[in-house]
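What you see below is based on every heavy atom in this structure, not just the backbone, and it leaves out hydrogens, waters and symmetry mates. Predicted, not measured: the structure shown is a model, and the values here were computed from it. Along the sequence shown, the residues carry numbers beginning at 1.
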Amino acid sequence: MNDAWLDFAIRIQSIAQAGLQYGKDKYDKERYEELRRISAEMIAVKTDIPVAKVYDLFCNETGYQTPKVDTRAAVFVDGKILLVHENNGTWSLPGGWCDVDQSVASNTVKEVKEETGFTVTAEKLIAVQDWRKHNVTNYAYGVVKIFVQCKYESGEFEDNIETTGIAFFDRDTLPQNLAVEKCTREQILMCFEALQDPNAPTAFD
């Protein structure tokens, strides 16, 4: 979905959402609502998803629109990095959306526990990235991706509804079928580089 047309739709939706929240004039609010419908129609035309479904997913928030936060854990054991096997057959760093009652560190630890059964400690902030610059994007809103280096403490894989298995990989044997909307090969290698250089500064866009 990396596309200028979709960028335009996202910007229109963001302006309309803010106008609906903060606008005072009822006629202006009608125009903002119309802009919101147009942004949904633009995405529907581009993706062949029904307008009603796009509207439900894309235009379902109020207030000033901000990016969602996604945390990803880089867990190393004996120099190898932990990846989880997703239900769709791809591999990814463990992680997910940051819950409203969690910090970056606690959410990262929670996601690792849920997806692997491992108990870890969040130790270092590796990078904060705008996924539009690094990932294949499949949502019609912004996402800030936060990569956190974690220390394995204990545990073993536990069956769960999100992943079907786990494995540890060194930098030369990373799987080809990565969930590139969640993490790319370059992002995983970035985590290896952070491990090798403990004094490296946090990377950010």
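One finds the CD atom of Glu123 at 6.0 Å from the NZ atom of Lys151 (value rounded to the nearest 0.5 Å). Between Thr184 atom OG1 and Trp131 atom CH2 the span is 12.5 Å, to the nearest 0.5 Å. Distance check: Leu6 CG to Thr47 OG1 gives 7.5 Å after rounding to the nearest 0.5 Å.
Using a 3.5 Å distance cut-off with no hydrogens or angles, the side chains of Gln17 and Gln21 do not pair a donor with an acceptor. A donor-acceptor contact closer than 3.5 angstrom links the side chains of Asn107 and Thr71.
Panel note: side chain Thr116, backbone Val112; a donor-acceptor pair is recorded below 3.5 Å. With hydrogens and angles ignored, the 3.5 Å screen pairs no side-chain donor or acceptor of Asp70 with any backbone N or O of Val143. The main-chain N or O of Glu193 is never found under 3.5 Å from a side-chain atom of Asp197 such that the two would form a donor-acceptor pair. Remark: the backbone N or O of Met42 is paired with a side-chain donor or acceptor of Trp5 at under 3.5 angstrom. Judged by distance alone, with hydrogens and angles left aside, the side-chain atoms of Asn160 form a donor-acceptor pair with the main-chain N or O of Thr163 at under 3.5 Å. Asp172 places no side-chain N or O within donor-acceptor distance of the main-chain N or O of Asp170, the cut-off being under 3.5 Å. Remark: the backbone N or O of Gly155 is not paired with any side-chain donor or acceptor of Thr119 at under 3.5 angstrom. With Asn135 contributing its side chain and Val180 its backbone, the two residues share a donor-acceptor pair below 3.5 Å.
Side-chain contact check for His85 versus Ile166: every heavy-atom pair is 4.5 Å or farther apart. Proximity of Leu195 to Gln149: side-chain heavy atoms (C-beta onward) are separated by under 4.5 Å at one or more points. Inter-residue side-chain proximity for Pro175 and Leu83 is flagged as met; some heavy-atom pair is nearer than 4.5 Å. The side-chain heavy atoms of Phe192 and Arg171, taken from C-beta on, include a pair separated by under 4.5 Å. No side-chain heavy atom of Ile43 sits under 4.5 Å from any side-chain heavy atom of Ile49. Ile12 has its side chain out of reach of Ser14: every pair of non-hydrogen atoms, C-beta onward, lies at least 4.5 Å apart. Side chains of Gln176 and Arg185 form a contact here, defined as non-hydrogen atoms less than 4.5 Å apart. You'll find the side chain of Leu20 stays beyond 4.5 Å of the side chain of Thr62, heavy atoms only.
In terms of hydrophobic clustering, with Ile, Leu, Val, Met, Phe, Trp and Tyr side chains grouped at heavy-atom distances under 4.5 Å, Ile81 and Phe168 are assigned to different clusters. Hydrophobic clustering, with ILVMFWY side chains joined whenever heavy atoms are under 4.5 angstrom apart, keeps Val77 apart from Leu93. The cluster map of Ile, Leu, Val, Met, Phe, Trp and Tyr, joined by side-chain heavy atoms under 4.5 Å apart, puts Phe8 and Ile38 in the same cluster. There is a path of hydrophobic side-chain contacts, each under 4.5 Å, that joins Phe147 to Val136. Both Val69 and Leu125 belong to a single network of hydrophobic side chains, linked directly or stepwise wherever heavy atoms of I, L, V, M, F, W or Y lie under 4.5 Å apart.
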Hey, mind stepping through Asp205 and Val128 against side chain to side chain contact (heavy atoms under 4.5 Å, CB included) and telling me if it holds?
-> CA-CA 7 Å; Asp205 292 327; Val128 179; over 6 Å; no
Does the pair Gln13 and Arg36 meet the rule for a side chain to side chain contact (heavy atoms under 4.5 Å, CB included), with working shown?
-> CA-CA 5 Å; Gln13 144 59 19; Arg36 208 174 204 194; 2.9 Å; yes
What's the verdict on side chain to side chain contact (heavy atoms under 4.5 Å, CB included) for Glu111 and Thr108, showing C-alpha distance, side-chain angles and the deciding distance?
-> CA-CA 5 Å; Glu111 288 290 332; Thr108 306; 6.0 Å; no
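Of all non-hydrogen atoms in Pro198 and Lys124, the two that sit nearest each other are O-NZ, 3.3 Å. Shortest non-hydrogen contact noted between Tyr32 and Ala16 is O-CB, 3.3 Å. Counting all heavy atoms, side chain and backbone alike, Leu178 lies closest to Thr90 at C-CB, 4.0 Å. What you find for Phe76 and Cys191 is that their closest heavy atoms are CZ-O, 3.5 Å. Nearest heavy-atom pair, Ala40 versus Val54, reported as atom, atom and distance to 0.1 Å: O-CG1, 3.6 Å. Of all non-hydrogen atoms in Leu82 and Pro94, the two that sit nearest each other are O-CD, 3.7 Å.
A salt bridge links Glu86 with Lys182: the closest approach of a Lys/Arg side-chain nitrogen to an acidic carboxylate oxygen falls below 4.0 angstrom. Checked for salt-bridge contact, Arg132 and Asp130 meet the test: a charged N lies under 4.0 Å from a carboxylate O. Taking 4.0 Å as the cut-off between side-chain N and carboxylate O, Lys110 and Glu114 count as a salt-bridged pair. A salt bridge links Arg37 to Glu34: at least one charged side-chain nitrogen sits closer than 4.0 Å to a carboxylate oxygen.
By the 6.0 Å contact criterion, CG on Asn60 is enclosed, its count of non-hydrogen atoms from other residues, nucleotides or ligands being greater than 12. No more than 12 heavy atoms of other residues, nucleotides or ligands lie within 6.0 Å of CD in Glu156, so this atom counts as exposed by the packing criterion.
The aromatic rings of Tyr152 and Phe118 stand perpendicular to each other, their planes meeting at an angle above 60°, with 30° marking the opposite boundary.
Partner of Gln129 under the side-chain hydrogen bond (donor to acceptor under 3.5 Å, both in side chains) criterion, out of Gln187, Arg72, Lys145: Gln187 alone.
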